[in-house]
Amino acid sequence: MLAEAIEYCVSPSEPWARRLGYLKESIAIKARHRRCRAQWADHLARSRKAIESAAHKMGGGDTAVVLGAGSCLDVPLEALCAAFEQVYLVDAVHLHSWFLSRNVKVKRIVKDLTGVADELLANPQRLPNPPPINWLLDDPSIDLIVSANLASQLGVMPLSYLARHAVVDDGAAMLFQRALIERHFEWLDRFVCPTVILCDAVRTIVDSGGSVRSVELLLDQMELGDPAEKWAWPVAPVGEETGGGGMETEVHVYCDRLPA
């Protein structure tokens, strides 16, 4: 806990990302990975393999963009740098990394991929209205877009921040989260280059004894078609969640416009 507190104090981040909790969450994810390295190993390896396979099928290119790159635990960075002239790593927060700071092919971009941060900070008593996203659509150098285990997380931090300032109706919160996911997919669909989406499709919550408390279908009726791959990810093994419970998700991979 002391190490995490120190990292929070010394890590650079935009004021909006710090206020909305993205910096704290990034550090918490890094710490959970240290605790759950063995349980996460298969998920991270499969994620990296799916992205690397897409890059291999394309035969490389100019620019690859990774949305939700985080600390690149699930990103095959060396393979992407070998295949593309430049790699954009996009997230709300980028923790310090000596390797990334020295890699001339890597550009780390701070971006609010929800588009609601400013509105939420200006009025934290109500759900913001997600704006349309047109970012990067006019960049002809982009040859691959990867959404890395991001879409289902888009609403988490905005809703967590909102809950600290107002009472949030569960139904409205679900609609808001769903709208963010759908809009993210609609934005990716507008690119002409290949896209790879890794996303939680099913979330299962268990109690401290391992009994299932709830199952949520995160992509229900979104008409994404059949996933190219899917696997289980024990995000929070029993004991990790508040009250001693745990969480597992089913991760789906969707690929569009990739060469056969």
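Note that the coordinates shown come from a computational prediction; the quantities given were computed from them, not determined experimentally.
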Contact summary for P194 and R257, nearest pair of heavy atoms: CG-O, 3.3 Å
I need the minimum non-hydrogen distance between P128 and P130, along with the two atoms involved. O-CD, 3.4 Å
Shared-cluster residues of V202, by chain and number - hydrophobic side chains joined below 4.5 Å: V206, V212, V215, L217, V238
Return yes when atom NE2 of H165 has more than 12 non-hydrogen atoms of other residues, nucleotides or ligands closer than 6.0 Å, and no otherwise. yes
When rounded to the nearest 0.5 angstrom, what distance separates CD in Q153 from OG1 in T249? 8.5 Å
Same cluster for L180 and L175 if Ile/Leu/Val/Met/Phe/Trp/Tyr side chains link at under 4.5 Å? no
Between CG of L188 and CZ of R183, what distance do you get to the nearest 0.5 Å? 11.0 Å
Under a 4.5 Å cut-off applied to non-hydrogen side-chain atoms, are L113 and W187 in contact? yes
Does R164, at its CZ atom, have more than 12 non-hydrogen atoms belonging to other residues, nucleotides or ligands within less than 6.0 Å? yes
Can you tell me how far CD1 of I205 sits from CE of M247, rounded to the nearest 0.5 angstrom? 5.5 Å
Heavy atoms of L127 and A173 approach each other most closely as CD1-N, 4.3 Å
E241: which of R32, R203, R213 passes salt bridge (charged side-chain N to carboxylate O under 4.0 Å, His left out): R32
Salt bridge (Lys or Arg N to Asp or Glu O under 4.0 Å) pairs, two or more places apart, involving residues 13-30: E7-K30
Side-chain heavy atoms of S13 within contact of L95, under 4.5 Å: no
Start with the C-alpha gap between Q177 and L154, add the side-chain angles, then the distance that decides, and say whether side-chain contact (heavy atoms from CB on, under 4.5 Å) holds. CA-CA 7 Å; Q177 181 155 292; L154 289 169; over 6 Å; no
What closest approach, in Å, do M58 and L258 show between heavy atoms, and which atom pair accounts for it? CG-CD2, 3.9 Å
My understanding is that a hydrophobic cluster links ILVMFWY residues whose side chain heavy atoms are under 4.5 Å apart, including indirect links. Using that, what else belongs to the cluster containing V192? none
Please name all residues satisfying salt bridge (charged side-chain N to carboxylate O under 4.0 Å, His left out) with R37, sequence neighbours left out, ordered by chain then number. none
Step through the shown structure and confirm whether more than 12 heavy atoms of other residues, nucleotides or ligands are within 6.0 Å of CZ on R126. no
Expected list for residues 70-79: side-chain donor-acceptor pairs under 3.5 angstrom, two or more places apart:
unit_1 : atom_1 : unit_2 : atom_2 : d
D74    : OD2    : N149   : ND2    : 2.8

State, yes or no, whether a side-chain contact exists between T195 and Y254 at a heavy-atom distance under 4.5 Å. no
If the threshold is 4.0 Å, N to carboxylate O, is there a salt bridge linking E85 and K107? no
Between W233 and L198, is any pair of side-chain heavy atoms under 4.5 Å apart? no
Following the transitive rule for hydrophobic clusters with a side-chain heavy-atom cut-off under 4.5 Å over Ile, Leu, Val, Met, Phe, Trp and Tyr, establish whether L150 and L224 coincide in one cluster. yes
Would you give the length of the straight line joining atom CD1 of I145 to atom CZ of R190, rounded to the nearest 0.5 angstrom? 12.5 Å
Would you name the heavy atoms of C199 and S152 that are closest together and state the gap between them? SG-N, 3.9 Å
Would you say the side-chain atoms of K105 pair up with the backbone N or O of C81, donor to acceptor, closer than 3.5 Å? yes
Has the side chain of R178 got a donor or acceptor atom that lies under 3.5 Å from a matching backbone atom of D220? yes
More than 12 heavy atoms of other residues, nucleotides or ligands under 6.0 Å from NZ of K230: yes or no? no
For Q125, does the CD atom sit with more than 12 other heavy atoms under 6.0 Å from it, leaving out its own atoms? yes
Between S26 (side chain) and Y22 (backbone), is there a donor-acceptor pair under 3.5 Å? yes
Is there a donor-acceptor pair closer than 3.5 Å between any side-chain N or O of D112 and the backbone N or O of A117? yes
Only counting residues at least two apart or in another chain, list the ones meeting ring-ring contact (aromatic ring centres under 6.0 Å, His included) with W135. none
D170, CG: over 12 other non-hydrogen atoms inside 6.0 angstrom: no
When rounded to the nearest 0.5 Å, the distance separating CD of Q39 from NE2 of H33 is 10.5 Å
For D118, is the CG atom crowded, meaning more than 12 foreign heavy atoms sit under 6.0 Å from it? no
Find out whether S11 and V93 are in side-chain contact, i.e. whether some heavy atom of one side chain is under 4.5 Å from a heavy atom of the other. no
So does D91 get a backbone contact from the side chain of R108, meaning a donor-acceptor N/O pair under 3.5 Å? no
Separation between CG of D226 and NE2 of H252, rounded to the nearest 0.5 Å: 9.5 Å
Indicate yes or no: at least one non-hydrogen side-chain atom of F176 is less than 4.5 angstrom from one of T114. no
Any side-chain to backbone donor/acceptor pair from H94 onto I109? Under 3.5 Å, distance only. yes
Heavy-atom pair of closest approach, residues G243 and S208: O-CB, 4.0 Å
Is the shortest heavy-atom distance from the side chain of F191 to the side chain of L137 under 4.5 Å? yes
Would you say F84 and S141 make side-chain contact, with heavy atoms under 4.5 Å? no
